[in-house]
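All heavy atoms count here, side chains included; hydrogens, waters and symmetry mates do not. Quick note: residue numbers are just sequence positions, from 1.
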Amino acid sequence: MKQTFGIDALLEALRQSGINVDGRFDADAEAPSDGAGRAGRGGGGGSQPPHVHVEVPFADRMAAWGKKALIIAAIVIVLVGLAAYWWFHPPINIHSTDTWMFVAVFILLPLFLVFWSRSHSYKEGTAKVEANPGKAKAFKFASYVPVAVAVLGVLGAVMSLSIFPGNAEKYATVLQTTEDNFAQDIKEVNYSEIPVIDRDSAVLLGNREMGSIPEYVSQFEISPLYSQINYQSSPVRVSPLGYADLFKWFTNREAGIPAYALVNMTTQDAEIVRLEDNPIHYSESEPLVRNIDRHVQLSYPFYMFDQKSFEIDDEGHPWWICPVQSRTIGLFGGTTIQRVVMVDATTGETQDLAIEDVPQWVDHAYPTDLLLEQYNWSGKYKDGWLNSVFGQKNVVQTTPGTDGNLGYNYIAKDDDVWVYTGVTSATADNSIVGFVLINQRTAESHFYPVAGATEESAMQSAEGQVQNLRYQATFPLLINVSGQPTYFMALKDNAGLVKQFAMLDIQRYQNVAVGNTVAECQKAYQALLATNGVLAESGVDTGAVEKQGTIAHIAQAVVEGNSHFYVKLDDGSAIYDFALPGLIEIVGYKEGDAITFTYVEAEPTNPVEEIVSADGAKAGNGADAAKEAEKEADATADAKGDAA
């Protein structure tokens, strides 16, 4: 019975793949014997396997090449490499993974094949090359060189890992973040400047506006970039037009791209801005020399460029903003931005600037994904690598988005664009421990400790308020309303159109207000905060109105499990809402009593913020009243004890 059918199958598979195998192994063949009739034995005492000679046709043909053929092959390889470099334009930088991949495919692999084949030819000899053990050995050692270079790249990658000694501490300090107070650092929201739509809505509005240029609508289409920037103190999204296809590029390449789309995130106005005598000649839709990626990379061959953005300056002139990467840990780790190349989209002229010299109007010197990655490094490795994997004490991360990617939004602050995201624990539960704001021009980073709901939970809560309409909430925007960190979001229908707006208290995310306009939503939200006693606790100026009069009617009701006293004064028909326990002192009033209080104007009831005592002093909230009552009770008990 044969026991070597596995080897037979292997040799047959090699033969079918085109490899000639000489000296077929036969399990039934007898082992050769020595002169004494004994079977020959190897070092291990078993019979020696027969010699199997494997021929690789490609390698054998390459080994048979003469000097002329090798020179021609080398020239072809160089030309192919140059053409590949021009087309793929990887940076010439040892820290670039693209460079290493290009070198491996177009340099190291061909060199290895050439050296190995020459070693094979001199070792065995061919029709054109005589066997030469010395040259065979020399080419064999030469074939180790590309392998050694590849190994160096692997070692460099290993030295970039966070597990490598000392690297975790370096990753944790790439981005420096300070802890600040939200109410003091974030100004009260200006509703005339707040973005009320998200990127998807901006894309929808921009694409619909293409109909305003019917002469170009069949030749061009809007690029999907839609960068959010501050333009003339307003949040907008801008995106260049692009050639619809290769044929449209061929017929329009001389005239260039005539316009870009601009969508105001506050007013929801969209327009196609014509460039007249200064069209865009450098763009992503250019396939050859004026392709923006190829142009900037070949202009600065040693730079590693990160994600670029399309922006306009204060005069509306189009630019490409191209951040330059720098690797600070190992060979490939610790990515940050130290320089920015600005490219005039019209002329292709470039400006190479240090990060601190970037003009104020530039909003995306640091790509969003990179900033969030840097913050996650600090949140994960601040207490070392072991803690990030095992203990995970104090390990935090940015909140995920609803689509599984990073969840973030943009805030306009100090004429800059700041990226905002919530910060949650390593287990990514449904609550946040705070949120972070990072300046996209300077990488200035601030953390604000606030316990509350994640953005996704807030979106679900807002959608629950209008579940009968089946509106979908956009990713929240962080704003300051009366000193309270607040989620603001738009509610869209199935067609992607904004129908309503919602505001939600981050710390008490059951407090949700909805309105058809931003002003209506804001008024309802402040009334909701006042009803729940939040405004009184915040100690900020909320624009409350003081009112005094005589109680004409007072009634008690329970709303959603909370007690409310509703009061009407003798001078009008307005109703004032005193919510308990925040305004517990209202229980001491009755019809005919004089009362003074402050309230927030809202419909249908006016939430009362504070009750003012007869001498004009504020009576305080329910907690204060409870403390006073407790003190009075203690004093009474002490007096009785003394009397006894």
Side-chain angles (χ1 to χ4, degrees), residues 76-113 145-162 164 167 170-171 174 223-225 227 282-310 320-343 348 350 352-355 364-374 376-377 405-406 443:
V76 171
I77 291 174
V78 170
L79 292 177
V80 170
L82 290 175
Y85 172 74
W86 184 87
W87 182 258
F88 295 108
H89 46 271
I92 305 175
N93 194 307
I94 194 174
H95 295 286
S96 171
T97 54
D98 291 340
T99 300
W100 280 88
M101 184 62 66
F102 182 86
V103 169
V105 173
F106 291 99
I107 298 178
L108 298 183
L109 181 59
L111 284 178
F112 173 78
L113 292 176
V145 173
V147 176
V149 174
V151 170
L152 287 177
V154 174
L155 291 177
V158 171
M159 293 177 64
S160 306
L161 299 176
S162 59
F164 196 81
N167 278 2
K170 295 178 182 178
Y171 275 105
V174 171
S223 166
L225 284 176
S227 307
Y282 292 82
S283 70
E284 290 181 316
S285 60
E286 283 277 352
L288 299 177
V289 178
R290 294 188 305 198
N291 176 273
I292 181 59
D293 294 315
R294 182 173 294 112
H295 171 70
V296 72
Q297 186 64 75
L298 296 181
S299 298
Y300 299 89
F302 301 106
Y303 281 0
M304 298 180 295
F305 289 100
D306 210 308
Q307 181 181 351
K308 65 185 178 302
S309 63
F310 178 81
W320 292 99
I321 308 302
C322 306
V324 180
Q325 290 184 351
S326 177
R327 306 289 168 83
T328 60
I329 303 174
L331 199 59
F332 306 118
T335 303
T336 189
I337 304 297
Q338 294 183 342
R339 305 193 68 81
V340 170
V341 173
M342 298 170 50
V343 185
T350 62
D352 181 13
L353 304 172
I355 192 69
H364 290 274
Y366 285 83
T368 300
D369 290 351
L370 176 61
L371 289 176
L372 298 186
E373 182 181 34
Q374 289 180 348
N376 283 331
W377 289 340
N405 298 319
L406 296 174

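- Between the side chain of Gln297 and the backbone N or O of Tyr303 there is at least one donor-acceptor pair closer than 3.5 Å.
- Without hydrogens or angle criteria, Asp306 side chain to Gln325 main chain gives no donor-acceptor distance under 3.5 Å.
- Using a distance-only test at 3.5 Å, with no hydrogens or angles considered, a donor-acceptor pair links the side chain of His295 to the main chain of Gly348.
- Looking at Arg327, its side chain never comes within 3.5 Å of a backbone N or O of Ser96 through a donor-acceptor pair.
- To the nearest 0.5 angstrom, Ile337 atom CD1 is 10.5 Å from Phe305 atom CZ.
- Ring planes of Trp320 and Phe310: perpendicular class, angle over 60° (limits at 30 and 60°).
- Considering OG of Ser283 and CZ of Arg290, their distance stands at 8.5 Å, rounded to 0.5 Å.
- In this structure, the side chain of Ser160 engages the main chain of Gly156 through a donor-acceptor pair within 3.5 Å.
- With values rounded to the nearest 0.5 angstrom, Ile92 atom CD1 is found 3.5 Å from Tyr85 atom OH.
- Between the side chain of Asp352 and the backbone N or O of Val341, no donor-acceptor pair lies under 3.5 Å.
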Tyr366 vs Ile355, side-chain contact (heavy atoms from CB on, under 4.5 Å): CA-CA, chis, key distance, verdict | CA-CA 9 Å; Tyr366 285 83; Ile355 192 69; 3.7 Å; yes
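- Summarising the geometry of Pro287 relative to Trp87, their closest heavy-atom pair is O-CZ3, 4.0 Å, with the distance given to 0.1 Å.
- Separating the CZ atom in Phe302 from the CD1 atom in Ile94 is a distance of 13.0 Å, to the nearest 0.5 Å.
- Scored by the salt bridge (charged side-chain N to carboxylate O under 4.0 Å, His left out) test, Lys308 finds Glu284, Asp293 as partners (sequence neighbours excluded).
- Of the possible polar contacts, one joining the His95 side chain to the Leu331 backbone as a donor-acceptor pair under 3.5 Å is found.
- Rounding to the nearest 0.5 angstrom, the gap separating the CG atom in Leu371 from the CG atom in Asn376 is 11.0 Å.
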